[in-house]
Amino acid sequence: MTDSNASWRARSLRAVWHPCTQMKAHGAAGDAASPGNTPLIAIASAEGPWLTDVEGKRYLDGISSWWTNLFGHGHPAIRAALVDQLSRLDHVMLAGITHQPVVELSERLAALTGLGHAFYASDGASATEIALKMSAHHWRNAGRPAKNRFVALQGGYHGETAGALGVTDIALFREAYAPLVRLSATVPSPDARHAEAGETAADVALRAAAALDAWLAEHHEQTAAVIVEPLVQCATGMAMHDPAYLRAARAACDRHGVHLVVDEIATGFGRTGTMFAHQQAGIRPDFICLSKGLTGGTLPLAAVLTTDAVFDAFYDDDAARGFLHSHSYTGNPLACRAALATLDIFERENVLAVNLERGAMIDGLLAPLHRHDRVRNARRLGMIWAWDIVGAPADFARRYARHALREGVLLRPIGATLYAMPPYVLEEDTASHLARGALAALDATLAEGDAGASLFGDEERALP
Ligand SMILES: Cc1ncc(COP(=O)(O)O)c(C=O)c1O
């Protein structure tokens, strides 16, 4: 019993408060056999795209463990770098001290983005907080303290700490904390699915950008920054937009003297086909937020990159004009080494070019899903695929995830949107496993109709 899923489930449900979860949805024992429950699986090990539970059952990680993993689990080069780093320097504070991994990583991120000042944290939400604070503080230092409001996109997601929730437009995550949150303004999303008859994705993008421009024309005196998820608004359900939006948003920000923050936490590191999504628009943002894939999915690390102009506004004899923000593990050497090893893999293995072919191969295998009669808006960018399910039964996301686990695939739809975001290591056999499992789980969920719905109904459908 000690090494069974059931025993770990029971212990976990007593001791661990799982993230982004209504704990009751797991049932008292997290029992996979009980139809209303979402099974909690106890993972013992992982290698490549596979997660293996304590009973030896394997699941293909179709969502890269919340979009973090790039090159499969336990990648030998990242592992070796971590072991080496652990034998030299595990952790040291970054105030008053520096070290080789953080310097080298900052130099390489600057070379990749053209933004030469890297500030570190541990998670995506803290990167969002840093970018927002830095932008507003920049304007304060520049003698414009009234510029302290933010603008974000409809359906946008930038994390769940109180500051990040202010620019996150997902009601389920925000409602309970409304009194704690200083809400940003929300402007229309350039989501290509908003196209009206005869409109292209670029038309939708320009229409949304015109709304942003109009908003900034009126409110720029109070506005520090616009924050966007470039090309794909992931957490709202893989809403994709044309790069024209980013070009027009950049121009609007320049016209009105407002910073542009691109949140590449989910889209960075090759996920959309280029190293960073905003590069497809040929723009240079004022801030870039990075996390998730930064360490190849091994350790928590986030970075905010910014321009000389922003940095210079803080450079002063007066301590209070400095950016007095810190986290204990800022610039952790192990995490920085993992990030350096990840960047090495990109260079050594020519990952972006290889992904073009790998993505096409996966896309071909997913064709039955694109053509499924209950699928609308089949879409893909780089290594992200998404399908909206029409007439999705109640509680679709949770029930689909259950069926997918039975098929040996970890996939967790967002509402009625099924998506896949696999590590960049799938070969024909593993990609076929993903495609077969995804399709079988869809058919099984649809065949159930509303019959298998749990107590929680649609309320939880939006959880990623
Ligand atoms: C675009 C984006 N920003 C920020 C975050 C928050 O990152 P974290 O969960 O590491 O706080 C996420 C997480 O999914 C994200 O997708």
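Counting starts at 1 for both ligands and their atoms, following the listed order.
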Using a 4.0 Å cutoff against the non-hydrogen atoms of Trp67, which atoms of ligand 1 qualify?
14 (O), 16 (O)
How close does the nearest protein non-hydrogen atom get to atom 15 (C) of ligand 1, and which residue and atom is it?
Tyr157 CD2, 3.7 Å
Could you tell me how the ring of Phe396 sits relative to the ring of Tyr400: parallel (under 30°), tilted (30 to 60°) or perpendicular (over 60°)?
tilted
Distance under 4.0 Å to a non-hydrogen atom of Asp263: what atoms of ligand 1 satisfy this?
1 (C), 2 (C), 3 (N), 4 (C)
Classify the ring geometry between Phe276 and Phe269 as parallel (under 30°), tilted (30 to 60°) or perpendicular (over 60°).
perpendicular
Can you tell which part of Lys292 has a heavy atom less than 4.0 Å from ligand 1: side chain, backbone, both or neither?
side chain
For a 4.5 angstrom cut-off between non-hydrogen side-chain atoms, does Ile43 reach Tyr59?
yes
Counting only nitrogen or oxygen atoms and a 3.5 angstrom limit, does Glu229 reach ligand 1?
no
Give yes or no for whether the N/O distance cutoff of 3.5 Å, strictly under, is met between Ala266 and ligand 1.
no
Taking everything shown except Glu349 itself, do over 12 heavy atoms lie less than 6.0 Å from its CD?
yes
Quick check: Ser291 and ligand 1, any N/O pair under 3.5 Å apart?
no
Is it the case that atom OH in Tyr329 sees more than 12 heavy atoms from other parts of the structure closer than 6.0 Å?
no
For ligand 1, is Glu264 a contact, meaning one of its heavy atoms is under 4.0 Å away?
no
Check step by step if side chain to side chain donor-acceptor pair (under 3.5 Å) holds for Asp363 and His370.
CA-CA 9 Å; Asp363 197 54; His370 306 338; 3.0 Å; yes
Protein heavy atoms near atom 9 (O) of ligand 1, is at least one of them under 4.0 angstrom away?
no
Distance to 0.1 Å, residue and atom name: give those for the protein heavy atom nearest to atom 11 (O) of ligand 1.
Ala125 N, 2.8 Å
Regarding ligand 1, does Gly124 bring an N or O atom to under 3.5 Å of one of the ligand's N or O atoms?
yes
Are the aromatic ring centres of Phe311 and Phe119 under 6.0 angstrom apart?
no
Contact summary for Val258 and Ala224, nearest pair of heavy atoms
CG1-O, 3.6 Å
